[in-house]
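A quick write-up on the structure given underneath.
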Amino acid sequence: MSFATDSPVHSSSSDDFAALIDAELEVGSSGSSPDEQDNEEEEVDADSDDDDSDDEEDDSNDDLNDHRNKRCKTEKLDDLEGPQGSTSQGLIEEKLEVSLNKDTCTHPGSFGQMCILCGQRVDDESGVTFGYIHKGLRLGNDEIVRLRSTDMKNLLRHKKLYLVLDLDHTLLNSTQLNHLTAEEEYLKGQSDSLQDVSKGSLFMLEFMHMMTKLRPFVRTFLKEASEMFEMYIYTMGDRPYALEMAKLLDPKKEYFNGRVISRDDGTQKHQKGLDVVLGQDSAVVILEDTENAWTKHKDNLILMERYHFFASSCRKFGFDCRSLSQLKSDESEPDGALASILKILRQIHHIFFDELDSDLASRDVRS
């Protein structure tokens, strides 16, 4: 799907795995805390006959010890916390099926070389690394399939699809400060404050020696697209750059909430792939300015017009013309590329949910 001509364009918050498994154990108990169980045992002992009290105390202690032993098995995971993220992300913390038997654990994933469920050493390196969710997290292929299926059902209930967004030339344009031309020096005096980025669009990131201009209409675009899609950022920039751009675009973490993928997270050099996205291919729309970045997923791709605000961007793509910044101009908010793309996304969403006759789970956004 193409919309391009080159020119000067619900997941829940994560909790740590130990707390998740601990909560699963609580479900299997009497519904009270260990301290409450101690109090209940004392009351039972006080009210029971002497002949029965020893047996009851033994049974209660056995149950309590069994509960505490199970809790101990989760303590190994306490040191494995990584940066907070969500999926699709939230599904990993919320919906992992807990198995406490080391002998039968299927090892659905690992941190480093330790199973995220039973704590055993796992030498198998099959599956995919999801470092943007938690550092060192690797999920097995079966677990990835399960998570995608579960998340898909949840999204469809909320009438949402997935949207994977490129950064550079799609949502924004960046340049090194030393690449600014003499005609662009005026921009340094017009940059917006980093104290409240939600009110600005031109930012000078001196600690990164760069300047970034957000594309006109991008904030409205993200707000309205988030009502129809669960959104990811996917950039060929490195992770520090990706996270800084995410802060500019989503300072309150309303839209991406940790779903920020960089070239450091990909499985193929110089290529982007949906293998690191916890969404089924049939429900993913990709917005990108470079078709060759997605050679395996062109059917998911909406190719859009590049945003060339800075002169260095025009030079990079071989344009011998003055940039928008040199012309002291910019794209139109209501009639620019992002506004046009938003209309297309609304149409895709409407067709998928309201016009297709097939069963909802079997529908494919690529068609």
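FYI, the numbering just counts along the sequence from 1.
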- [ ] Determine, stepwise, if the pair Ser262 / Thr235 fulfils side-chain hydrogen bond (donor to acceptor under 3.5 Å, both in side chains).
- [x] CA-CA 5 Å; Ser262 69; Thr235 176; over 6 Å; no
Open item on the list: Does Asp192 form a side chain to side chain contact (heavy atoms under 4.5 Å, CB included) with Ser201? I'd like the steps, not just the answer.
Closed with: CA-CA 7 Å; Asp192 296 305; Ser201 65; 4.2 Å; yes
Open item on the list: side chain to side chain contact (heavy atoms under 4.5 Å, CB included), that's the test. Do Ser149 and Gln280 meet it? Break it down for me.
Closed with: CA-CA 7 Å; Ser149 176; Gln280 290 188 4; 4.0 Å; yes
Task: Evaluation steps, ring-ring contact (aromatic ring centres under 6.0 Å, His included), between Phe353 and His349 - done: CA-CA 6 Å; Phe353 285 101; His349 184 273; 4.7 Å; yes
- [ ] Tell me, with the steps shown, if Leu139 and Val128 meet side chain to side chain contact (heavy atoms under 4.5 Å, CB included).
- [x] CA-CA 6 Å; Leu139 296 177; Val128 179; over 6 Å; no
Task: Asn173 vs Thr212, side chain to side chain contact (heavy atoms under 4.5 Å, CB included): CA-CA, chis, key distance, verdict - done: CA-CA 6 Å; Asn173 193 200; Thr212 294; over 6 Å; no
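Here the closest non-hydrogen pair linking Ala311 and Ser323 is N-OG, 3.3 Å. The shortest non-hydrogen separation linking Phe310 to Ser325 is CA-OG, 3.8 Å. In this structure, Leu165 and Leu171 approach most closely via the heavy-atom pair CB-CD1, 4.0 Å. The two residues Gly112 and Ser110 come nearest to each other via the heavy atoms O-OG, 3.6 Å. Residue Tyr132 comes nearest to Val276 through the heavy atom pair OH-O, 2.5 Å, listed as atom of the first residue, atom of the second, then distance. Closest non-hydrogen pair, Ala225 versus Met231, comes out as CB-SD, 3.9 Å.
Between Tyr162 and Tyr232, the ring planes are tilted. Angles from 30° to 60° get that label. Taking the six-membered ring for Trp and thresholds of 30 and 60 degrees, Trp294 and His297 have ring planes more than 60 degrees apart, a perpendicular arrangement.
With Arg148 contributing its side chain and Val277 its backbone, the two residues share a donor-acceptor pair below 3.5 Å. Checked by atom type and distance alone, the side chain of Asp289 never pairs as donor or acceptor with a backbone atom of Met304 at under 3.5 Å. At least one donor-acceptor pair under 3.5 Å links the side chain of Arg363 to the backbone N or O of Leu356. Proximity of a side-chain donor or acceptor of His158 to a complementary backbone N or O of Asn154 within less than 3.5 Å is detected. Panel note: side chain Ser362, backbone Asp359; a donor-acceptor pair is recorded below 3.5 Å.
Look at Asp275 and Lys296 and you find no salt bridge, because none of the NZ, NE, NH1 or NH2 atoms lies under 4.0 Å from a carboxylate O. One finds a salt bridge joining Glu183 and Arg322 here, because a Lys/Arg side-chain nitrogen approaches an Asp/Glu carboxylate oxygen to under 4.0 Å. At a threshold of 4.0 Å, the pair Asp196-Lys199 counts as salt-bridged, since one of the basic side-chain nitrogens sits closer than that to a carboxylate oxygen. At a threshold of 4.0 Å, the pair Asp151-Arg146 does not count as salt-bridged, since none of the basic side-chain nitrogens sits closer than that to a carboxylate oxygen.
For the residue pair His308/Ser313, the side-chain donor-acceptor check at 3.5 Å is satisfied. Judged purely by distance below 3.5 Å, without hydrogens or angles, the side chains of Arg121 and Gln113 pair a donor atom with an acceptor atom. Residues Gln271 and Thr295 bring a donor and an acceptor atom of their side chains to less than 3.5 Å of each other. Between Thr129 and Arg138, the side chains place a donor N or O and an acceptor N or O closer than 3.5 Å (distance only, hydrogens not considered).
A cation-pi geometry, defined here as NZ or CZ lying under 6.0 Å from the six-membered ring centre and within 45° of its normal, holds between Lys213 and Phe309.
Within the 4.5 Å cutoff, no side-chain heavy atoms of Ile344 are placed close to those of Leu342. Under the 4.5 Å side-chain criterion, counting only non-hydrogen atoms from C-beta, Lys188 is in contact with Met211. The closest side-chain heavy-atom distance from Ser340 to Lys343 is not below 4.5 Å. Side-chain contact check for Asp166 versus Leu287: every heavy-atom pair is 4.5 Å or farther apart. Considering only heavy atoms from C-beta on, Met204 comes within 4.5 Å of Leu177 through its side chain. Between Leu214 and Arg219, some side-chain heavy-atom pair lies under the 4.5 Å cut-off. Side-chain atoms of Leu180 and Thr175, non-hydrogen and from C-beta on, do get closer than 4.5 Å to each other. Side-chain atoms of Ile286 and Leu274, non-hydrogen and from C-beta on, do get closer than 4.5 Å to each other.
Enclosure of atom CD in Gln176 by more than 12 non-hydrogen atoms of other residues, nucleotides or ligands within 6.0 angstrom is indicated. For Asp320, the CG atom counts as loosely surrounded, since its 6.0 Å shell holds 12 or fewer non-hydrogen atoms of other residues, nucleotides or ligands. Annotation: Lys223, atom NZ; neighbour count of heavy atoms from other residues, nucleotides and ligands within 6.0 Å does not exceed 12. For Asp357, the CG atom counts as loosely surrounded, since its 6.0 Å shell holds 12 or fewer non-hydrogen atoms of other residues, nucleotides or ligands. Residue Glu125 qualifies as open at atom CD: its count of foreign heavy atoms under 6.0 Å is 12 or below. Surrounding CD of Glu355 are more than 12 heavy atoms belonging to other residues, nucleotides or ligands, all under 6.0 Å away.
Note that the CD1 atom of Ile233 and the CG atom of Asp250 stand 7.0 Å from one another [nearest 0.5 Å]. Put simply, CD on Glu143 and NE2 on His107 are 13.0 Å apart, with the number rounded to the nearest 0.5 Å. In this structure, OG in Ser191 is found 6.0 Å from CG in Leu202, a value given to the nearest 0.5 Å. Within the model, atoms CD1 of Ile133 and CG of Leu278 stand 4.5 Å from one another, a figure rounded to the nearest 0.5 Å. Atoms CD1 and CG, on Ile116 and Leu137 in that order, are 6.0 Å from each other to the nearest 0.5 Å. In this structure, CZ on Arg263 lies 12.0 Å from OH on Tyr234, to the nearest 0.5 angstrom.
In terms of hydrophobic clustering, with Ile, Leu, Val, Met, Phe, Trp and Tyr side chains grouped at heavy-atom distances under 4.5 Å, Leu303 and Met236 are assigned to different clusters. Linking Ile, Leu, Val, Met, Phe, Trp and Tyr whenever their side-chain heavy atoms come within less than 4.5 Å leaves Val145 and Leu156 in two separate clusters. Follow the hydrophobic side-chain contacts under 4.5 Å out from Tyr186 and you reach Leu324 in the same cluster. The cluster map of Ile, Leu, Val, Met, Phe, Trp and Tyr, joined by side-chain heavy atoms under 4.5 Å apart, puts Phe221 and Phe203 in the same cluster. Leu172 is connected to Met208 through a chain of hydrophobic side-chain contacts under 4.5 Å among Ile, Leu, Val, Met, Phe, Trp and Tyr, so both are in one cluster.
Applying the side-chain hydrogen bond (donor to acceptor under 3.5 Å, both in side chains) test to pairs two or more places apart or on separate chains, those with a residue in residues 238-249 are Asp168-Tyr241, Ser174-Tyr241, Arg239-Asp265, Glu244-Lys247.
Of the options Asn300, Leu301, Val285, Val284, a side-chain contact (heavy atoms from CB on, under 4.5 Å) to Arg366 is made by Asn300 and by none of the others.
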